[in-house]
Amino acid sequence: MTKTNTLYYQDIEKCVDEIIEKVGKKIVMAIPLALAKPNRLVNAIYNRIKNDDTLYLKLFSGVSLEKPDGKSELEKRFLEPFVERVWEDFEEFEYIKDLRRNTIPKNFKYVEFYNKTAAFLHCPYVQMNYMGSNYTHAVRDAFINECNVLAQLISKKDMNGETMYSMASNPDTHLEAAELVQKKRAQDENFKCVIVGQVHSKMPFMYGKAVVKPSHYDIIVENPEYDKKIFCAPKTSVSPVDWMIGIYASTLIKDGGTIQVGIGSLGDAVSASIMMRHKNNKEYKNFLKEADIETKYNEIIKEVGETGTFEEGLLCSSEMFIDSFLDLFKAGIIKKKVYEHLGLQTLINEKKIAEKFDNNILTVLSENKVIHTKIREKDFLVLQEFGILKSSLTYKDGKIYKDSKEYDTNLSDANSLELIIKECLGDSLKKGVVAYASFFIGQDSFYEGLRNLTEEERNLIDMRGVDYVNQIYGDEELKRAQRKYGRFINAALKSNIMGAITADALEDHRIISGPGGQYNFVSMAHALEDGRAITMIKSSRGVGKKAKSNIVWQYGHTTIPRHLRDIIITEYGIADLRGKQDKDVIAELLNITDSRFQEELLQKCKKFKKIPQDYKIPEQFKNNFPEVINKKIETFRKAGFFSPFPFGSDLTEEEKAIGKSLKNLKVKASESVIKLIANILKEFCTKTPNSSKQYLERMKLSSPQSVKEKILQKVVVYALKDSGVI
């Protein structure tokens with residue numbers, strides 16, 4: 001199929017008709033991970049195939065977003081008002097509803113390369129149709145499966161009198177996929193694939209490679225009636241364990257370095273710890289001292305990281321621009337500018353030139369062979385593109401012109417050089433960026449924050465495909481120059497005692513999420529001379545007798561193999577595994593293991609002769625208990641630090657208190673159901689306290705109308721009391 005003029009539709013059904021006309025009755029459709037799925041278009045095609053069994057739809061994507069739905073009566077009472085307020089009229093996916101009901105039609109297949117975390121752990125359909133791909137291989141694998149439709153939500157903007165479109169939140173896969181389509185079209189005029197954009201007025205217009213001309217799309221759908229609420233991802237609370245892990249990670253980041261961080265409470269903990277280090281450095285260092293972090297990990301902190309403020313700032317080079325990165329950007333932490341020119345970037349790294357340059361810059365550039373001594377047209381264009389020469393100048397026949405005035409371009413001639421410096425030189429470098437990212441998702445306030453950025457600020461965030469951000473292949477020299485001191489920080493579920501990481505699945509092969517870009521970032525950390533891969537793992541899961549260690553002897557599934565082990569962090573410390581022998585790796589990991597499980601694990605290692613028989617865990621690492629973590633955090637929390645929601649929340653204060661209480665209630669139930677029931681029964685003998693009124697009203701339990709509601713009321717009151725809310 002040759003490229004035709006872009007078709008515009010207001011009616012989604014007519015768009016579906018056009019897609020079927022162009023590709024036929026077998027539709028193999030790829031839509032982006034998470035936010036930029038074109039809900040209305042996907043639902044229209046899905047409903048069409050449900051009502052016409054001569055049609056077939058195979059859908060490729062990752063992380064299909066859905067509103068949360070409580071399982072218990074209390075969860076439903078807590079969630080329903082919150083969901084109604086936060087998600088408003090978000091258009092849910094019909095295929096997800098059918099997945100939950102187990103009513104998927106035979107002429108539909110849904111394939112994900114990354115699942116919403118643990119959302120489909122017990123769904124056989126999703127488990128059987130999961131496609132195990134790296135994020136960077138998702139496009140390739142979709143086309144192996146004969147993808148013939150690319151579709152996504154896009155944003156629209158008039159730029160210099162021309163209508164332009166942005167892939168906004170998701171150039172991650174679709175930028176690369178569109179380039180592949182154009183290549184295939186050039187090779188085969190009969191190649192069938194349609195590229196569709198559904199305009200959404202509320203989607204932030206983002207810059208960088210995400211910006212494309214209308215001709216990028218074969219079909220554009222635009223109708224304000226389709227602009228329902230874009231999906232919000234509310235914050236989860238940051239626990240003391242999260243905070244400790246975040247603090248440790250923050251000590252390993254160098255000023256002037258590069259960061260990549262994943263989503264979730266651990267990601268927020270890392271960003272918040274970075275913020276504390278920069279804005280409250282005195283208190284930050286006091287905590288490092290009080291928590292004995294300085295004493296235990298001074299050596300690796302000095303070698304790998306720092307604990308001072310961020311004067312030069314950081315570069316974000318992360319597949320996901322997590323919403324807390326916007327806070328770091330506004331705080332002047334993510335501010336290190338890089339430039340897409342190897343010569344310029346190299347000289348910046350060497351401190352020979354700076355963003356605000358002096359009159360010596362042309363001499364420095366020529367002496368370092370970035371430009372020729374006699375400026376050629378190619379040199380001129382580079383100098384003008386990056387703001388070294390003024391944009392009003394022109395070049396012709398070896399001369400520079402400003403209006404009718406002519407300038408000789410021989411920089412070895414003192415008079416010519418002086419005149420160019422005086423009349424043609426700019427004052428600062430242009431086109432620098434402080435962030436490369438491939439997708440984003442967050443709270444409403446995050447989207448609003450992006451929309452409210454000035455044009456200058458938004459141009460500092462360059463949205464790219466994961467094929468660019470997640471690896472150093474392609475433009476490798478430039479990426480190496482830009483991504484100095486790369487710290488690639490991701491979460492995982494477990495580590496075995498040899499440092500092999502489990503992050504995406506269970507040992508029975510059930511997928512929890514997917515590898516995403518984690519392998520790529522670990523691999524890149526090893527490939528970069530000064531890069532490090534930092535894996536964050538909570539040391540244990542469960543409570544009381546059901547508690548288990550996440551540092552284990554062995555596990556039947558691996559995401560990152562042991563030969564790529566690097567740095568692992570738990571709430572108890574930092575294990576530097578790079579370049580170490582097995583016995584030393586074991587010792588490092590035992591030091592950051594929960595002390596309830598240390599000795600058993602040590603004996604296992606001795607049994608199989610992986611560590612000397614006389615080895616003992618040092619005393620300073622044998623006090624790794626949850627209550628110790630809570631104690632370390634509590635003093636500083638009273639002083640206003642280590643908030644559960646350091647970057648705000650969509651929850652009201654009442655909802656935060658209720659949510660905390662119900663969460664604690666689950667923990668109590670897991671410890672002893674009988675004891676919990678006994679404590680709740682005691683509430684029937686006491687008067688409902690007035691202090692619980694606002695919380696019971698929120699749960700619609702202030703005036704119970706049945707025995708069931710009376711029981712639920714007492715359960716909530718007990719939970720509020722037990723968690724210290726009332």
Side-chain angles (χ1 to χ4, degrees), residues 28-39 41-43 45-46 57-67 92-96 99-100 104 108-121 123 125-145 147 149-153 167-178 180 198 210 230-233 260 262-264 267 318-322 437-442 463-471 490-491 503-505 510-521 559:
V28 183
M29 186 178 188
I31 55 177
L33 173 146
L35 188 61
K37 289 179 173 62
N39 305 40
L41 177 60
V42 172
N43 282 342
I45 295 175
Y46 180 71
L57 173 62
K58 190 173 188 178
L59 190 62
F60 283 90
S61 188
V63 189
S64 284
L65 300 166
E66 55 186 329
K67 297 177 184 178
E92 295 193 85
F93 293 105
E94 295 300 322
Y95 68 88
I96 291 294
L99 267 175
R100 295 300 185 193
I104 288 292
F108 173 75
K109 182 173 284 187
Y110 182 55
V111 180
E112 285 199 325
F113 69 89
Y114 197 98
N115 296 164
K116 181 183 175 185
T117 303
F120 296 104
L121 194 58
C123 178
Y125 182 95
V126 172
Q127 290 294 326
M128 286 189 279
N129 289 290
Y130 169 77
M131 181 176 70
S133 294
N134 270 347
Y135 206 170
T136 50
H137 296 155
V139 170
R140 177 202 67 188
D141 292 347
F143 279 93
I144 286 174
N145 285 271
C147 174
V149 179
L150 299 173
Q152 70 177 135
L153 285 185
M167 295 182 186
S169 67
N170 282 85
D172 53 343
T173 50
H174 276 46
L175 191 58
E176 178 190 356
L180 183 58
Q198 181 184 327
I230 57 177
F231 194 88
C232 295
Q260 176 266 324
I263 193 174
S318 181
E319 66 180 19
M320 182 177 186
F321 191 83
I322 58 175
S438 296
F439 79 100
F440 60 73
I441 188 170
M463 299 298 292
R464 294 285 185 100
V466 291
D467 58 326
Y468 184 87
V469 176
N470 288 26
Q471 56 196 9
N490 289 287
D504 65 318
R510 281 183 296 163
I511 285 291
I512 290 177
S513 53
Q518 187 165 22
Y519 171 82
N520 294 103
F521 284 111
T559 311

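Model, not experiment: these values are computed from the prediction.
- L180 is listed as a side-chain neighbour of V139, based on a closest heavy-atom distance under 4.5 Å.
- At distances below 3.5 Å, at least one donor-acceptor pair connects side-chain atoms of K37 with backbone N or O atoms of G62.
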Practice task
Could you walk me through whether E92 and F231 pass the side-chain contact (heavy atoms from CB on, under 4.5 Å) test, one step at a time?
Solution key: CA-CA 9 Å; E92 295 193 85; F231 194 88; over 6 Å; no
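- For the pair P32 and A151, the tightest heavy-atom approach, listed with the atom from each and the gap, is CD-O, 3.2 Å.
- With rounding to the nearest 0.5 Å, the separation of CZ in R140 from SG in C147 is 14.5 Å.
- Here L35 contributes atom CG and F440 contributes atom CZ; the two are 6.5 Å apart, rounded to the nearest 0.5 Å.
- For K109, the NZ atom counts as loosely surrounded, since its 6.0 Å shell holds 12 or fewer non-hydrogen atoms of other residues, nucleotides or ligands.
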Exercise for the section: Would you sort out whether N520 and N134 count as a side-chain contact (heavy atoms from CB on, under 4.5 Å), showing the intermediate values? Expected result: CA-CA 8 Å; N520 294 103; N134 270 347; 3.9 Å; yes
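- At a threshold of 4.5 Å between non-hydrogen side-chain atoms, the residues E112 and I511 do not count as touching.
- Taking the six-membered ring for Trp and thresholds of 30 and 60 degrees, Y95 and Y110 have ring planes inclined between 30 and 60 degrees apart.
- No donor-acceptor pair under 3.5 Å is formed between the side chain of S169 and the backbone N or O of F439.
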Exercise for the section: For F120 and L99, run side-chain contact (heavy atoms from CB on, under 4.5 Å): C-alpha distance rounded to whole Å, both residues' side-chain angles, the deciding distance at 0.1 Å, then the answer. Expected result: CA-CA 10 Å; F120 296 104; L99 267 175; 4.2 Å; yes
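- Contact check for L65 versus I441: side-chain heavy atoms found under the 4.5 Å cut-off.
- Note that the CG atom of N39 and the CG atom of L153 stand 6.0 Å from one another [nearest 0.5 Å].
- Residues passing the ring-ring contact (aromatic ring centres under 6.0 Å, His included) test with Y114: none are found, sequence neighbours excluded.
- Not a single ring-ring contact (aromatic ring centres under 6.0 Å, His included) links F143 to another residue, sequence neighbours left out.
- Atoms CG and CZ, from L150 and F60 in turn, are 12.0 Å apart once rounded to the nearest 0.5 Å.
- Side chains of I31 and L41 form no contact here, defined as non-hydrogen atoms less than 4.5 Å apart.
- Q518 places a side-chain N or O within 3.5 Å of a backbone atom of A491 that can act as its donor or acceptor partner.
- Side-chain contact check for F521 versus E319: some heavy-atom pair is nearer than 4.5 Å.
- Contact annotation: the side chain of Y519 never approaches that of T559 to less than 4.5 Å [non-hydrogen atoms, C-beta and beyond].
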Handout entry: Residues F113, H137; criterion side-chain contact (heavy atoms from CB on, under 4.5 Å); working and verdict
Key = CA-CA 10 Å; F113 69 89; H137 296 155; over 6 Å; no
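- In terms of heavy-atom proximity, G465 sits nearest to L175 at N-CD2, 3.9 Å.
- Side chains of D141 and S133: a donor on one and an acceptor on the other come within 3.5 Å.
- Checked by atom type and distance alone, the side chain of S438 pairs as donor or acceptor with a backbone atom of R464 at under 3.5 Å.
- A side-chain donor from one of N490 and Q260 sits under 3.5 Å from a side-chain acceptor of the other.
- Among all heavy-atom pairs drawn from N145 and V28, the shortest one is O-CG1, 3.4 Å.
- Side-chain contact between V42 and F93: present, with at least one pair of heavy atoms (C-beta onward) separated by less than 4.5 Å.
- With a 4.5 Å cut-off on side-chain heavy atoms, Q152 and M167 count as touching.
- In this structure, OH in Y130 is found 11.0 Å from CD1 in I512, a value given to the nearest 0.5 Å.
- In this structure, a donor-acceptor pair under 3.5 Å is present between the side chains of D172 and Y135.
- Applying the salt bridge (Lys or Arg N to Asp or Glu O under 4.0 Å) rule to pairs touching residues 510-519 yields D508-R510, sequence neighbours excluded.
- Of the inter-residue distances, the one linking S64 atom OG with L59 atom CG reads 7.0 Å to the nearest 0.5 angstrom.
- The nearest pair of heavy atoms linking N43 to E94 is OD1-N, 2.9 Å.
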